[in-house]
Amino acid sequence: MRESFRTPQNPSPQYDHTVRTKMRNSITLPEAEVQKLLSENVKHVIRIKMPESETVQFTDLIRGTLSFNTSLTDDKVLLKADGMPTYHLAVVVDDFLMQITHVFRGEEWLPSAPVHVLLWKYLFGMDAMPQWAHLPLILGPNGKLSKRDGAKYGFPVFAMNWTDPATGELTEGFREKGFLPEAFINLLAVLGWNDGTEQEIFTKAEMIGKFSLERIHSGGAKFDYEKAKWFNHEWIKRLSAAALRQEVKPVLLKKGIDIPDEHQLDKVIALIKDRCQLLNDFVEQGYFFFSVPEKFDVEAVKPKWNEAKQLFFAELVRHFELISSWNEHALESEFKEMAAVHKIKPGELLLPFRIMLVGGKFGPGVFPVAELLGKQETISRIKHFLELLK
RNA sequence: GGCCCGUUGGUCAAGGGGUUAAGACGCAUCCCUUUCACGGAUGAAUCACGAGUUCGAUUCUCGUACGGGCUACCA
């Protein structure tokens, strides 16, 4: 039928009051014929017969009063030929049975709302009908956000990993990408809603207290992955090391990083969390605390390396060995005093020292790093690097 | 094509007849940091268009344009 009515002007013909009298159905067939077919169990579908021209009006909690003319919506299939109900029938019956009071769904359901309202009227009465709220859509780079967008643009679209049962294709979730649950809920809540103040970071408790239907936008909101990462970064910065530990530890373990001491881990987390946007960033920002760096950026040091510096570090090792209270302040003053004695600017020495400890031009302050690494490991890395330079 | 919903910087957005039209992300510059971040400061950038109502429209009304959704025996 769809095919025969399709024209260039109307690419999607409807099954409505204008065509139902031309179809082979219980309206056009003689009653006796209908009964006969029924008794023979001939496959058939059951549709809703939309009124020819009525206005269906209802209140949407977000958009206000909405009205539709029934002549424009088609006779939706309610029961399929295999006996299974379609969503239209199922959702109404299910909501009635569960005594649902409020229906929150995406804006894409708006066009079928009149069908559902009519079904409520016909089946259970308008008094039992829940209140409707059609939420704005989350948009991707082109239109409604779809799981395809995730693969296409490199950001997650589902909360957690999802494997398409049909194709076996895996879509990486926010969780696996390294997002905190707090951040995920937060970023979703403020996509299309705000509390009217400048606050953007909300705890779950705050959101429960402040969320209001009235302040939900009616227009769709485009998802911005950069801002999503910002939310996660904010949450990482705010959460304590102890709170972060349960999320960070599995990530590190999964990368084969050995964590013998949780207190040590907490200190590492506290030191590096400000520079981690996603949980996975803890790996590259922190792995060198647990094992010797895989490679050292020797090239960054070599050009400016000389005998004086070689001597400085050799002596630094001897001085460090004698330090009784191993903390960043003691290390820093020792380091700087020695630099003065050797008449080398500390700036000339700091970068090589950093690379000896962490492997490259990144990471937290060198002295806190050295403190956390401990005397033995710090000295061993200096010696190791001095060997590399030869 | 038809129907429905929408439209404030690139993005998320506050505001709602008279404002220098908030703030955030991102971007740029600078400060701090003897790395990279964090942090701080500054800057560029916006009311889709046209009528109407009005002393005055970003704000109200109507059109147009644009965007999105729906148009399956999917949900």
Side-chain angles (χ1 to χ4, degrees), chain A residues 1-2 6-16 43-47 60 62-64 66-74 76-91 105-115 134-145 187 190-201 215 217-231 233-234 236-237 271-277 281 284-285 297 300 332 335-336 339 345-355 357-358 360-366 369:
Chain A
M1 162 268 167
R2 300 270 167 198
R6 181 167 290 147
T7 63
Q9 284 71 36
N10 185 0
S12 301
Q14 298 210 108
Y15 190 116
D16 59 18
K43 293 268 193 203
H44 61 283
V45 302
I46 295 178
R47 292 173 178 271
D60 182 274
I62 294 169
R63 290 149 215 278
L66 263 19
S67 51
F68 294 82
N69 192 304
T70 54
S71 65
L72 274 0
T73 32
D74 62 354
K76 292 287 183 198
V77 171
L78 263 23
L79 274 176
K80 303 192 260 183
D82 63 4
M84 288 294 283
T86 59
Y87 171 81
H88 303 297
L89 211 215
V91 74
R105 54 176 15 172
E107 189 188 332
E108 75 264 37
W109 288 107
L110 222 37
S112 40
V115 175
H134 289 91
L135 269 8
L137 261 18
I138 297 177
L139 274 12
N142 341 274
K144 186 165 74 162
L145 186 65
L187 74 90
V190 298
L191 202 54
W193 172 87
N194 73 84
D195 75 341
T197 72
E198 288 182 9
Q199 185 173 356
E200 292 200 88
I201 304 297
R215 294 202 60 90
H217 265 251
S218 40
K222 202 173 284 182
F223 172 71
D224 181 357
Y225 189 45
E226 291 306 317
K227 182 111 188 200
K229 285 190 286 191
W230 174 81
F231 275 106
H233 194 190
E234 287 301 309
I236 287 178
K237 284 190 290 185
L271 193 57
I272 65 176
K273 70 194 180 93
D274 284 3
R275 61 194 72 218
C276 294
Q277 208 166 30
D281 293 339
E284 54 168 316
Q285 289 295 333
D297 191 354
E332 183 166 359
F335 191 94
K336 288 187 171 165
K345 278 184 286 187
E348 300 277 304
L349 270 5
L350 251 14
L351 187 67
F353 188 35
R354 156 176 305 283
I355 291 172
L357 300 188
V358 315
K361 290 191 261 189
F362 66 95
V366 256
V369 168

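Every chain is numbered from 1 and lettered A, B, ... according to where its sequence line falls, protein lines coming before strand lines.
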I need the A/Trp230 CH2 to A/Ile201 CD1 distance, nearest 0.5 Å. 4.0 Å
Going by heavy atoms in the side chains, are A/Leu66 and A/Leu110 under 4.5 Å from each other? yes
Roughly how far apart are A/Arg354 CZ and A/Asp297 CG, rounded to 0.5 Å? 12.0 Å
What nucleotide among B/rC73, B/rG68, B/rG23 has an atom nearest to a side-chain atom of A/Arg47? B/rC73
Separation between CD of A/Gln14 and OG1 of A/Thr73, rounded to the nearest 0.5 Å: 7.0 Å
Check this one for me: any side-chain N or O of A/Lys237 less than 4.0 Å away from OP1 or OP2 of B/rG39? yes
Does A/Gly363 reach a base, just sugar-phosphate, or nothing at all? Heavy atoms under 4.0 Å. base
Which comes earlier along RNA chain B counting from the 5' end, the contact point of A/Lys144 or that of A/Thr197, where each point is its nearest nucleotide? A/Thr197
Reported CG-to-CD distance for the pair A/Asp195 and A/Glu198, which is rounded to 0.5 angstrom: 10.0 Å
Of B/rU71, B/rG26, B/rU11, the nucleotide closest to the side chain of A/Lys222 is B/rU11
Pick the P atom in B/rG67 and in B/rG9, then give their distance to the nearest Å. 15 Å
Spacing of the C1' atoms in B/rG26 and B/rG43 (rounded, Å): 14 Å
As a quick check of understanding, evaluate side chain to side chain contact (heavy atoms under 4.5 Å, CB included) for A/Leu187 and A/Phe223, giving each step before the final call. CA-CA 10 Å; A/Leu187 74 90; A/Phe223 172 71; 4.1 Å; yes
Of all the nucleotides listed (B/rA75, B/rG26, B/rG15), which has the minimum atom distance to the side chain of A/Arg215? B/rG15
Nucleotide nearest A/Glu226 when distance is taken to its side chain, options B/rG26, B/rC73, B/rA13: B/rG26
Closest to the A/Leu137 side chain, choosing from B/rG68, B/rG23, B/rU35: B/rG68
Go through B/rU35, B/rA75, B/rU34 for me and flag the one nearest to the A/Leu350 side chain. B/rU34
If the P atom of B/rC27 is compared with that of B/rU11, how far apart are they to the nearest Å? 16 Å
Tell me the interatomic distance from A/His233, atom NE2, to B/rG26, atom C1', rounded to whole angstroms. 15 Å
For A/Leu89 and B/rA72, give me the distance from atom CG to atom C1', rounded to whole Å. 16 Å
Does the side chain of A/Asn194 reach to within under 4.5 Å of the side chain of A/Arg215, using non-hydrogen atoms? yes
Find the distance A/Lys76:NZ to B/rA72:P and express it as a whole number of Å. 6 Å
How would you label the contact of A/Val190 with the nucleic acid (heavy atoms, under 4.0 Å): base, sugar-phosphate, or nothing? sugar-phosphate
Whole-Å distance separating the CG atom of A/Asn194 from the C1' atom of B/rC25: 15 Å
Quick check: closest heavy atoms across A/Tyr15 and A/Asp74, and the distance to 0.1 Å? O-CB, 2.9 Å
Atom pair CG (A/Leu349) and NZ (A/Lys336), whose distance is rounded to the nearest 0.5 Å: 11.0 Å
Is B/rC25 syn or is it anti, if syn means the base angle is within 90 degrees of 0? anti
From the list B/rC38, B/rU35, B/rC25, which nucleotide is the closest neighbour of the side chain of A/Trp230? B/rC25
Contacts of A/Leu191 and A/Val45 projected onto RNA chain B by closest heavy atom; the upstream (5') one is A/Leu191
Where along nucleotides 2-7 of chain B does protein come under 4.0 Å, by heavy atom, of base (B) or sugar-phosphate alone (S), with - for untouched nucleotides? -SSBS-
For atom P, what is the distance between B/rC73 and B/rG68, given to the nearest Å? 25 Å
Under 3.5 Å for both pairing distances: what stems, at least three Watson-Crick or G-U pairs long, include RNA chain B? B:1-7 with B:65-71, B:10-12 with B:23-25, B:27-31 with B:39-43, B:48-52 with B:60-64
Mark yes or no for whether A/Lys273, through its side chain, and A/Lys237, through its backbone, hold a donor-acceptor pair below 3.5 Å. yes
Does the plane of the ring in A/His88 sit parallel, tilted or perpendicular to the ring in A/Trp109? Use 30° and 60° as the thresholds. perpendicular
Atom pair distance, as rounded to whole Å: CG in A/Asn142 and C1' in B/rG10: 15 Å
To the nearest angstrom, how far is A/Ile236 atom CD1 from B/rA37 atom P? 17 Å
Distance check, P atoms only: B/rU8 and B/rC49, in whole angstrom units. 12 Å
Do you know the tightest heavy-atom contact between A/Cys276 and A/His233? O-CD2, 3.2 Å
Looking across every strand, which nucleic acid part, if any, lies under 4.0 Å from A/Ala81 by heavy atom: base, sugar-phosphate, or nothing? base
CG of A/Asp224 versus P of B/rG9: gap in Å, rounded? 14 Å
Please work out if A/Gly192 contacts a base, only the sugar-phosphate, or nothing of the nucleic acid, heavy-atom cut-off 4.0 Å. sugar-phosphate
Is there a side-chain contact between A/Glu200 and A/Val190 (heavy atoms, below 4.5 Å)? no
Side chain of A/Lys336: nearest nucleotide among B/rU34, B/rA14, B/rA75? B/rU34
C1' spacing across the pair B/rU71 / B/rG18, given as an integer number of angstrom: 46 Å
Just checking A/Pro136: base, sugar-phosphate only, or nothing, at a heavy-atom cut-off of under 4.0 Å? nothing
Using the P atom as the point on both nucleotides, what is the distance between B/rA14 and B/rG2, in whole Å? 32 Å
Where the side chain of A/Glu200 is concerned, which of B/rG69, B/rU71, B/rG23 is the nearest nucleotide? B/rG23
Determine whether any donor atom in the side chain of A/Lys227 lies under 3.5 Å from an acceptor atom in the base of B/rA24, or the reverse, and answer yes or no. yes
Rounded to whole Å, the CH2-P distance (A/Trp193 to B/rA14) equals 11 Å
Distance, C1' atom - from B/rU29 to B/rG52, rounded to whole angstrom: 46 Å
